[in-house]
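For this chain, numbers begin at 1 and follow the sequence in order.
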Amino acid sequence: MESTVLDVTTGHREVVLDLTPRCAEFAAEHGGDGLLQVFVPHATAGVAIIELGAGSDDDLLAALRDLLPADDRWRHAHGSRGHGRSHVMPALIPPYATVPVIGGRLQLGTWQSIALVDLNVDNPERQVRLSLLRG
C-alpha cells in the first residue's frame, strides 16, 4: 500500500473542493492497478463523487443547506451558528470514497470528480489521506 496526506485549505466558507487532479497525480505516480481510498479524518467533512462545475457543486451546497440548516436547532452547539449540522453531514456524505485504478489511471466516469465537502466554516485547514491498495 502507498499512502500520503494532502494538506488542504478550505477557508472560512462552505466548500465543495475538487481533489481529482491531486488524486490522479498520486495514482499515476504509483502506477499499477488497485483501489484508491480517499479519506478525511475529520468529524465535519465528507468526500463525494460528483460532477463539478456546471452548477452541481453549488446545487450540492444548496441541498445541504435545505437538509441541514445553519440555525439553532442543533444540540451540538459550540462554534459558529449551526455548527452541529457539520457533525451530521458525514452521515449523508461519508468521509471516504473508493475509486478503481487501472494502469495508474483513475477509473472515474466522464463527468465524475472526487470532491471534499466541508460545511465547517470554523476549521479552514483539512487533511485528506490518499491510500492506493494494490491487489
Side-chain angles (χ1 to χ4, degrees):
M1 179 174 86
E2 301 291 337
S3 189
T4 193
V5 174
L6 306 177
D7 292 315
V8 178
T9 300
T10 57
H12 292 285
R13 61 183 170 78
E14 298 174 350
V15 67
V16 176
L17 184 70
D18 191 2
L19 299 174
T20 313
R22 293 174 80 178
C23 291
E25 180 182 325
F26 177 77
E29 178 182 324
H30 296 290
D33 300 345
L35 296 172
L36 176 66
Q37 178 73 26
V38 183
F39 176 74
V40 292
H42 301 284
T44 59
V47 177
I49 296 180
I50 186 172
E51 177 183 7
L52 295 176
S56 298
D57 33 0
D58 291 331
D59 289 342
L60 176 58
L61 289 175
L64 290 170
R65 282 184 208 110
D66 288 344
L67 288 170
L68 306 169
D71 58 22
D72 294 327
R73 74 182 68 200
W74 308 101
R75 289 184 181 108
H76 187 105
H78 73 83
S80 61
R81 184 171 191 256
H83 176 77
R85 75 190 189 120
S86 297
H87 287 275
V88 173
M89 190 205 63
L92 302 174
I93 299 175
Y96 57 85
T98 304
V99 178
V101 175
I102 306 274
R105 295 187 58 170
L106 300 175
Q107 298 301 296
L108 293 168
T110 302
W111 304 112
Q112 289 181 318
S113 296
I114 303 166
L116 172 68
V117 181
D118 189 359
L119 301 182
N120 185 352
V121 298
D122 297 326
N123 186 356
E125 301 299 326
R126 298 297 188 172
Q127 291 187 326
V128 179
R129 177 166 295 280
L130 305 180
S131 300
L132 183 60
L133 309 164
R134 294 199 191 108

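- Under a 3.5 Å cut-off, the side chain of Asp7 and the backbone N or O of Gln127 do not form any donor-acceptor pair.
- Gln37 contributes atom CD, which lies 3.5 Å from atom OG1 of Thr98 (distance to the nearest 0.5 angstrom).
- Other cluster members for Phe26: Leu6, Val8, Val15, Leu17, Leu19, Leu36, Val38, Val40, Val47, Ile49, Val99, Val101, Leu106, Leu108, Ile114, Leu116, Val128, Leu130, Leu132, joined by side-chain heavy-atom distances under 4.5 Å among Ile, Leu, Val, Met, Phe, Trp and Tyr.
- Few gaps surround CD on Gln107; more than 12 heavy atoms of other groups in view lie less than 6.0 Å from it.
- Nearest heavy-atom pair, Asp33 versus Gly103, reported as atom, atom and distance to 0.1 Å: OD1-N, 2.6 Å.
- Remark: Asp71 engages Arg73 in a salt bridge (charged side-chain N to carboxylate O under 4.0 Å, His left out) (not counting sequence neighbours).
- Across every non-hydrogen atom of Pro95 and Pro90, the tightest pair is CD-O, 4.1 Å.
- Contacts classified as salt bridge (Lys or Arg N to Asp or Glu O under 4.0 Å) and involving residues 89-118 (residues at least two apart or in different chains) are given here: Asp118-Arg126.
- Residues Ser113 and Asp18 approach most closely at CB-OD1, 4.0 Å, considering heavy atoms.
- Contact annotation: the side chain of Met89 never approaches that of Thr44 to less than 4.5 Å [non-hydrogen atoms, C-beta and beyond].
- Closest heavy-atom contact between Ile50 and Ser56: CD1-O, 4.0 Å.
- The line from CG of Asn123 to OG of Ser86 is 10.0 Å long, rounded to the nearest 0.5 Å.
- The minimum heavy-atom distance linking Arg134 with Gly31 is given by the pair NE-O, 3.7 Å.
- Distance check: His42 NE2 to His87 NE2 gives 12.0 Å after rounding to the nearest 0.5 Å.
- Note on Leu67 and Leu60: same hydrophobic cluster, where clusters join Ile, Leu, Val, Met, Phe, Trp and Tyr whose side-chain heavy atoms are under 4.5 Å apart, directly or indirectly.
- In the hydrophobic clustering of this structure, Val117 groups with Val88; members are Ile, Leu, Val, Met, Phe, Trp, Tyr whose side-chain heavy atoms approach within less than 4.5 Å, directly or through other members.
- In this structure, Leu119 and Leu61 have side chains that are in contact, with non-hydrogen atoms separated by less than 4.5 Å.
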